2 protein chains.
Amino acid sequence: MAKNLLEKCSQSKIRMTAQRQTIIKVIEQADDHPDADQIYLRANAVDKTISIATVYRTVRLFEQAGVIERLEFGDGKSRYEEARGHHEHLVDIDSGEVIEFTHPELEALKEKIAADLGYDLVNHRLELYGRKKTSDQ
Amino acid sequence: MAKNLLEKCSQSKIRMTAQRQTIIKVIEQADDHPDADQIYLRANAVDKTISIATVYRTVRLFEQAGVIERLEFGDGKSRYEEARGHHEHLVDIDSGEVIEFTHPELEALKEKIAADLGYDLVNHRLELYGRKKTSDQ
DNA sequence: CTAAATGCAAAACCTTTGCCTCAAA
DNA sequence: TTTGAGGCAAAGGTTTTGCATTTAG
């Protein structure tokens with residue numbers, strides 16, 4: 001089974017180019033959830049020939065192939081991350097920090113809800129927006 | 001306690017104008033989740049003086065006052081609905097139809113997850129994307 | 001060799017804003 | 001009367017696209 005993005009792209013019969021390899025590295029090495037412009041800046045720092053158009057075309061291709069996922073945190077920009085096991089996001093509304101978590105019970109519940117409504121669950125998005133609890137006040 | 005959007009706006013000390021009343025009616029009467037342009041088209045059909053700029057300014061004002069809610073279904077446009085009791089959305093990926101549902105167990109679980117991560121839950125968004133189950137195949 | 005990918009710049013969208021006029025309270 | 005709202009058109013920000021050129025397979 002494939003492990004990294006490059007292998008997954010190969011499995012998906014995606015033609016590999018120098019630019020795509022650079023974008024793959026940027027996404028794999030990101031520990032945040034970069035938008036297209038951030039991916040462009042990081043990739044362009046490594047390879048000056050990469051254009052923003054290629055970034056947009058590439059993330060769309062990768063998303064459609066299912067090797068990356070597109071996220072929206074409500075600010076009008078799409079953000080991207082490598083597709084790993086499904087997980088959810090909690091956004092700290094003060095710092096913007098994004099915490100990832102998984103919750104098997106939640107996963108099961110969503111499947112059940114969709115099934116009860118007569119649907120097969122194809123995809124889902126959950127974002128929690130919260131504020132750090134303080135011991136005082 | 002306030003019942004309709006007009007009363008809620010009054011409670012929020014929102015200055016009332018003819019255009020805002022028309023937009024309120026459009027949102028109250030919508031049985032879908034219209035985006036700004038759809039609200040504009042429906043409101044403009046009733047009152048030709050309403051401009052798209054006013055629609056955008058009004059939905060932002062109403063959202064900040066908490067009397068309507070802004071949704072994103074992943075197509076890059078914001079959609080709006082009257083703020084009622086909290087509920088979630090299931091999007092039929094074939095027809096685009098949006099089904100609303102509530103699920104107390106899910107609500108409780110989200111609160112608990114946030115708390116366990118050290119956060120007070122301020123807001124959250126859940127969308128399920130599904131395909132209608134068929135008896136055959 | 002052929003089909004597909006890229007860069008560049010322009011265009012397409014959605015949304016916001018400046019400015020002047022008009023209306024609510 | 002005063003402060004805020006609206007219309008219009010221009011500008012802003014993100015994403016897509018047309019076209020000529022380059023490159024992967």
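We name chains A, B, ... by the order of the sequence lines, and we start the count at 1 in each one. Since the model is a prediction, treat every value here as computed from it, not as a measurement.
Map B/Ala53 and A/Ala53 each onto its nearest nucleotide of DNA chain C; the residue landing nearer the 5' end is A/Ala53.
Phosphate proximity of C/dT15 to B/Ser78: present, with a side-chain N or O under 4.0 Å from OP1 or OP2. Under 4.0 angstrom from either OP1 or OP2 of D/dT16 there lies no side-chain N or O belonging to A/Tyr56.
When rounded to the nearest whole Å, the span between CG of A/Asp47 and P of C/dA5 equals 17 Å. In this structure, the CG atom of A/Asp75 is 12 Å from the P atom of C/dT16, given to the nearest Å. Taking atom CZ on A/Arg60 and atom C1' on D/dT16, their separation rounds to 6 Å, with Å as the unit. Spacing between atom CG of B/Leu41 and atom P of C/dC14 amounts to 11 Å, rounded to whole angstrom units. When rounded to the nearest whole Å, the span between NZ of A/Lys77 and P of C/dT15 equals 15 Å. A straight line from CD of A/Glu72 to P of D/dT14 spans 14 Å, rounded to a whole angstrom. Nucleotide C/dT15 holds its C1' atom 11 Å from the CZ atom of B/Arg70, rounded to whole Å. As a whole-Å value, the separation of B/Arg79 CZ from C/dT15 C1' is 15 Å.
Of the charged side-chain nitrogens involved, none lies within less than 4.0 Å of a carboxylate oxygen, so that A/Arg79 and A/Glu81 do not count as a salt-bridged pair. Taking 4.0 Å as the cut-off between side-chain N and carboxylate O, B/Lys110 and B/Glu88 count as a salt-bridged pair.
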From CA spacing to verdict: salt bridge (Lys or Arg N to Asp or Glu O under 4.0 Å), A/Glu100, A/Arg84:
CA-CA 12 Å; A/Glu100 302 186 344; A/Arg84 289 159 285 144; 3.4 Å; yes
Before you tell me yes or no, could you show the steps for A/Thr22 and A/Lys25 under side-chain contact (heavy atoms from CB on, under 4.5 Å), namely the whole-Å CA-CA distance, both residues' side-chain angles and the distance that decides it to 0.1 Å?
CA-CA 5 Å; A/Thr22 300; A/Lys25 278 185 202 151; 5.7 Å; no
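Residues from residues 24-40 of chain A with heavy atoms under 4.0 angstrom of DNA chain C: there are none.
Closest approach to the B/Arg20 side chain among D/dG6, C/dT16, C/dT6 is made by D/dG6 (side chain taken as heavy atoms from C-beta onward).
The main-chain N or O of A/Ala18 is never found under 3.5 Å from a side-chain atom of A/Gln21 such that the two would form a donor-acceptor pair. Judged by distance alone, with hydrogens and angles left aside, the side-chain atoms of B/Arg20 form a donor-acceptor pair with the main-chain N or O of B/Arg15 at under 3.5 Å.
Listed here is the closest heavy atom pair of A/Val59 and A/Ile68: O-CD1, 3.6 Å.
Within 4.0 Å (heavy atoms only), A/Ile52 reaches no atom of the nucleic acid at all.
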Please encode protein proximity along nucleotides 19-25 of chain D as a string of B, S and -, counting only heavy-atom distances under 4.0 Å.
-----BS
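The shortest distance between side-chain heavy atoms of B/Asp37 and B/Lys77 does not fall below 4.5 Å. Looking at heavy atoms from C-beta onward, B/Phe62 lies out of side-chain contact with B/Leu5 at the 4.5 angstrom threshold.
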